[in-house]
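Inspection log for the structure reproduced underneath, given as structure tokens.
Model, not experiment: these values are computed from the prediction. All ligand and atom numbering here is 1-based and tracks the order in the structure.
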Amino acid sequence: MGKMGVLFVFSGPSGVGKGTLKKRLLEEFKGQIVDSVSATTREPRKDEQDGREYFFISRQEFDRRVENNDFLEHAEFSGNCYGTPRENVMNLLNRGIDVVLEIDVQGARQVREKMSDCVSIFILPPSFEELEHRLRERHTETEDKILERLETARREIPCAPEYDYQIVNNDLDAAYDQLRNVYVHAAQRA
Ligand code: 5GP
């Protein structure tokens, strides 16, 4: 049997820039690492496409998939459900391709239980004030949702020590360098 891919778990509060960092990693290591497209019951945002950012499904369909054990992990976040389709991830890993999951703290705990050799990374904001600023700059959420996400961030940030690595995203280039080092190191070790 060939070499298995490495599973990377990425978490951090909404607005911390983890999506941007992930995108950069996927671009630099195209063909070696891919991200998994999650299913969600959340409404698509303006520029989002079904099957690209997420598979947008109904609550009923989500529950059916949970029942069917189709998800590697799933969690409720800010009033919506999110889940990682298991089969696609396992197929990629079996083919020796690395996979990154951008998931919340609850989902990361489930993945660590099931896949003990995964590599987990938590992205931290330089400060809570800066996080609030970035979340507002995005203009993707209503005020209610922003407050809810900030509240969630207050609960999530203390979970950072559960992760193998913590990276503070103050300067994007510096944060990316650290992420890149973690990736190259972990991917070689496997
Ligand atoms: P958003 O609604 O901003 O796209 O995502 C909200 C949160 O849900 C983010 O923290 C994101 O990492 C997390 N998330 C996205 N997909 C999944 C998933 O499949 N499982 C879990 N547990 N969390 C997810």
Side-chain angles (χ1 to χ4, degrees), residues 7-26 34-59 61-66 68-90 92-93 99-115 118-125 128 131-132 134-160 162-163 165-167 169 175 179:
L7 184 62
F8 291 86
V9 175
F10 243 57
S11 301
S14 276
V16 79
K18 60 187 185 301
T20 309
L21 288 166
K22 180 185 75 174
K23 220 173 118 204
R24 223 156 131 170
L25 190 71
L26 293 176
V34 299
D35 66 344
S36 155
V37 180
S38 295
T40 183
T41 61
R42 158 165 90 56
E43 288 295 316
R45 292 183 188 134
K46 224 175 37 271
D47 298 320
E48 289 180 332
Q49 249 177 48
D50 189 41
R52 191 180 64 187
E53 281 78 13
Y54 287 105
F55 295 107
F56 296 97
I57 62 174
S58 67
R59 180 63 200 246
E61 175 61 15
F62 193 93
D63 291 344
R64 194 192 64 78
R65 293 191 195 183
V66 169
N68 235 5
N69 203 18
D70 287 349
F71 292 128
L72 178 61
E73 62 72 37
H74 63 93
E76 195 164 329
F77 181 95
S78 198
N80 296 301
C81 299
Y82 297 82
T84 303
R86 179 200 308 278
E87 202 177 298
N88 184 43
V89 172
M90 299 317 290
L92 289 162
L93 293 175
V99 178
V100 55
L101 307 179
E102 188 189 330
I103 60 179
D104 83 323
V105 168
Q106 310 161 70
R109 287 184 184 137
Q110 296 169 41
V111 174
R112 264 190 233 108
E113 286 272 306
K114 291 178 191 158
M115 318 272 287
C118 70
V119 176
S120 62
I121 304 159
F122 195 94
I123 313 290
L124 287 156
F128 201 79
L131 182 70
E132 178 162 5
R134 290 186 195 170
L135 207 48
R136 291 188 187 286
E137 285 287 287
R138 251 180 17 178
H139 300 295
T140 53
E141 256 78 31
T142 60
E143 179 63 20
D144 270 7
K145 282 284 170 195
I146 289 172
L147 293 176
E148 201 175 314
R149 280 169 184 249
L150 284 171
E151 193 47 48
T152 305
R154 281 196 196 278
R155 284 202 311 271
E156 285 196 326
I157 291 173
C159 303
E162 293 175 21
Y163 289 68
Y165 299 93
Q166 296 79 27
I167 296 176
N169 184 14
L179 176 64

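Counting heavy atoms from C-beta on, the side chains of Lys18 and Ser11 never come closer than 4.5 Å.
Contact residues for ligand 1 (protein heavy atom closer than 4.0 angstrom to any ligand atom): Lys18, Ser38, Arg42, Arg45, Tyr54, Glu73, Ala75, Phe77, Tyr82, Gly83, Thr84, Glu102, Ile103, Asp104, Gly107, Arg149.
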Distance-only criterion, 3.5 Å: show the donor-acceptor pairs between side-chain atoms of residues 68-76 and protein atoms not counting sequence neighbours.
{"from": "Asn69", "atom 1": "OD1", "to": "Arg86", "atom 2": "NH2", "distance (Å)": "3.0"}
{"from": "Glu73", "atom 1": "OE2", "to": "Thr84", "atom 2": "N", "distance (Å)": "3.4"}
{"from": "Glu73", "atom 1": "OE2", "to": "Thr84", "atom 2": "OG1", "distance (Å)": "2.4"}

Side-chain donor-acceptor distances from residues 147-157 under 3.5 Å, at least two apart:
{"from": "Glu148", "atom 1": "OE2", "to": "Ser78", "atom 2": "OG", "distance (Å)": "2.9"}
{"from": "Arg149", "atom 1": "NH1", "to": "Ser14", "atom 2": "OG", "distance (Å)": "2.8"}
{"from": "Thr152", "atom 1": "OG1", "to": "Glu148", "atom 2": "O", "distance (Å)": "2.9"}

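A distance of 9.5 Å separates CG of Leu93 from CG of Asn88, quoted to the nearest 0.5 Å. We find the OH-CD distance between Tyr82 and Gln106 to be 11.5 Å, quoted to the nearest 0.5 Å.
Within the structure, side chain to side chain donor-acceptor pair (under 3.5 Å) pairs that include any residue of residues 46-56 comprise Arg42-Glu48 (at least two apart or interchain).
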